[in-house]
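Order of the sequence lines fixes the chain letters, A, B, ..., with proteins taken first and strands second; residue numbering starts at 1 for each chain.
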Amino acid sequence: MASTQVYTDYHPRWLRRQVSTYWWLEKWAYFAFILREMTCLFVAWFVVYLLLLVGAVAGGAESYQRLLDWSASPWVLTLNAATFLFMIYHAVTFFVAAPQALVVHVGRRPVPARLVLAGHYVAWAAASALVAWIVLRA
Amino acid sequence: MHTRHPEPLLWMLFSAGGVVSAMLMPILVLLFGVAIPLGWLAAPSHARMLAVLGNPLTAVLMFGLCALSLFHWAHRFRHTLYDGLQIKHLNELLALLTYGGAAVGSVMAAYLLWRIP
């Protein structure tokens with residue numbers, strides 16, 4: 001069907017309340033929201049860190065050792081400790097939202113949200129155990 | 001005719017990246033970012049790292065984790081800047097920098113993983 005609706009860039013501004021750029025500092029819930037959104041910066045940093053690790057391993061035993069030494073320097077360690085906390089926050093908040101995005105049906109019945117959430121936690125534990133086993137087995 | 005918007009695809013990438021990063025990153029940060037640097041656990045030997053990363057299955061998983069996580073970052077960061085800083089006039093530039101950055105990072109990831117013997 002052809003759309004006959006014509007949209008213009010004109011917005012009636014007189015009904016709009018001016019929102020401060022710092023609106024997210026006004027309430028704890030807003031701040032928690034921005035904090036949650038900012039976990040993505042730590043996700044990006046950790047991709048960089050993983051790729052540095054992969055590059056160092058490809059570069060030979062010496063470059064791998066240099067990366068391990070660098071990872072123990074105070075600022076990298078502090079950044080990664082913060083990254084760990086933000087990753088946990090990211091995981092928990094993402095899993096909480098999952099049942100709303102993912103409505104699973106068995107037959108015609110929707111699976112209760114609590115079960116979908118629990119499924120994510122079980123998968124998280126299993127994936128973590130698998131990664132730890134792969135990395136740490138001698 | 002409908003115009004095709006990339007938003008649903010970008011949201012799918014954001015969502016998939018959110019799930020894989022949530023599932024795999026906390027343990028990886030704990031191991032390689034905290035426990036091994038602090039000496040709580042012994043670092044895997046170089047030969048062991050080569051064997052793990054040289055395995056095609058691990059390489060594909062690592063690539064998926066890196067690429068999807070980068071698109072997760074791109075989408076979320078773009079929307080947060082949009083909501084938080086009200087910079088509508090920079091929309092196109094921001095999209096280029098975020099999704100473009102994620103695409104470049106994904107290519108880098110593929111190259112680095114490919115280099116592992």
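More than 12 heavy atoms of other residues, nucleotides or ligands lie within 6.0 Å of CD in B:Glu7, so this atom counts as buried by the packing criterion. The local environment of OH in A:Tyr121 is crowded, with over 12 non-hydrogen atoms from other residues, nucleotides or ligands closer than 6.0 Å.
The residue among A:Ile134, A:Ile88, A:Leu79 with the most heavy atom pairs within less than 4.5 Å of chain B is A:Ile134. Taking B:Thr58, B:Leu41, B:Leu61, B:Ile116 one by one and counting their heavy-atom pairs under 4.5 Å with chain A, the maximum is reached by B:Ile116. Among A:Leu85, A:Leu41, A:Val57, A:Thr93, the residue with the largest count of heavy-atom pairs under 4.5 Å with chain B is A:Val57. Comparing A:Ala125, A:Ala123, A:Ala129, A:Ala81 by how many heavy-atom pairs each has under 4.5 Å with chain B, the most go to A:Ala123. Contact count against chain B (heavy-atom pairs under 4.5 Å) is highest for A:Gly60 among A:Ala56, A:Gly60, A:Ala44. Comparing A:Ala61, A:Ala72, A:Ala127 by how many heavy-atom pairs each has under 4.5 Å with chain B, the most go to A:Ala61. Looking only at heavy-atom pairs under 4.5 Å with chain A, the residue among B:His72, B:Met108, B:His79 that has the most is B:His72.
Between atom SG of residue B:Cys66 and atom CG of residue A:Leu50 there is a gap of 5.5 Å, rounded to the nearest 0.5 Å. Distance check, rounded to the nearest 0.5 Å: CZ of B:Phe77 to CD of A:Glu37 gives 11.5 Å.
Note: A:Phe46 and B:Phe32 fail the aromatic proximity criterion, with ring centroids not under 6.0 Å apart.
Contacts between B:Leu30 and chain A at a heavy-atom distance below 4.5 Å involve backbone atoms as well as side-chain atoms. For B:Trp11, the part lying near chain A is the side chain, with the backbone staying farther off; criterion is any non-hydrogen pair under 4.5 Å. When heavy atoms are compared at a cutoff of 4.5 Å, A:Leu53 approaches chain B solely by way of its side chain, counted from C-beta outward. Heavy-atom distances place the side chain of B:Leu53, and not its backbone, under 4.5 Å from chain A. Of the atoms belonging to B:Leu24, it is side-chain heavy atoms, and not backbone ones, that fall under 4.5 Å from chain A. In this structure, the portions of A:Phe84 lying under 4.5 Å from any heavy atom of chain B include both its backbone and its side chain. With a threshold of 4.5 angstrom between heavy atoms, A:Leu68 approaches chain B through side-chain atoms but not through N, CA, C or O. Only the side chain of B:Thr80 comes within contact range of chain A, with at least one heavy atom under 4.5 Å from a heavy atom of that chain. For A:Phe95, the part sitting under 4.5 Å from any heavy atom of chain B is the side chain, from C-beta outward, and nothing else. Both the backbone and the side chain of B:Leu50 come within less than 4.5 Å of a heavy atom of chain A. Of the atoms belonging to B:Phe71, not a single heavy atom falls under 4.5 Å from chain A. Heavy atoms of A:Thr39 lying under 4.5 Å from chain B belong exclusively to its side chain. Heavy atoms of A:Trp124 lying under 4.5 Å from chain B belong to its backbone as well as its side chain.
Under the 4.5 Å side-chain heavy-atom criterion for grouping Ile, Leu, Val, Met, Phe, Trp and Tyr, A:Trp75 is connected to A:Leu52 within one hydrophobic cluster. A continuous path of hydrophobic side-chain contacts links B:Leu31 to A:Trp70 [ILVMFWY only; heavy atoms under 4.5 Å]. Under a hydrophobic clustering in which Ile, Leu, Val, Met, Phe, Trp and Tyr are joined whenever their side-chain heavy atoms come within less than 4.5 Å, directly or via other members, B:Met12 and B:Phe14 fall into different clusters. Hydrophobic cluster membership differs between A:Leu130 and A:Val122, with clusters built from Ile, Leu, Val, Met, Phe, Trp and Tyr side chains linked at under 4.5 angstrom. Taken together through direct or relayed side-chain contacts under 4.5 Å among Ile, Leu, Val, Met, Phe, Trp and Tyr, B:Val60 and B:Val107 form parts of separate hydrophobic clusters.
Nearest heavy atom pair, residue A:Gly55 against residue B:Arg115, reads O-NH2, 3.7 Å. Between B:Ala22 and A:Ala91, the shortest heavy-atom distance links the atoms CB-CA, 3.6 Å. Scanning both residues, A:Ser128 and B:Ile27, for their nearest heavy atoms gives O-CG1, 3.6 Å. Nearest heavy atom pair, residue A:Leu77 against residue B:Pro37, reads CD1-CB, 3.7 Å.
With A:His90 contributing its side chain and B:Gly18 its backbone, the two residues share a donor-acceptor pair below 3.5 Å. One N or O on the side chain of B:Arg48 and one on the backbone of A:Arg137 form a donor-acceptor pair closer than 3.5 Å. No donor-acceptor pair closer than 3.5 Å links the side chain of B:His46 to the backbone N or O of A:Tyr64.
Put simply, the side chain of A:Phe86 does not reach to within 4.5 Å of the side chain of B:Met25, judged on heavy atoms.
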| Checking side chain to side chain contact (heavy atoms under 4.5 Å, CB included) for the pair A:His120/B:Met23: CA distance, chi angles, key distance, verdict? | CA-CA 9 Å; A:His120 278 80; B:Met23 292 275 175; 4.2 Å; yes
| request: Give the C-alpha distance, both sets of side-chain angles, the deciding distance and a yes or no for side chain to side chain contact (heavy atoms under 4.5 Å, CB included) between B:Val52 and A:Val135. | output: CA-CA 8 Å; B:Val52 170; A:Val135 170; over 6 Å; no
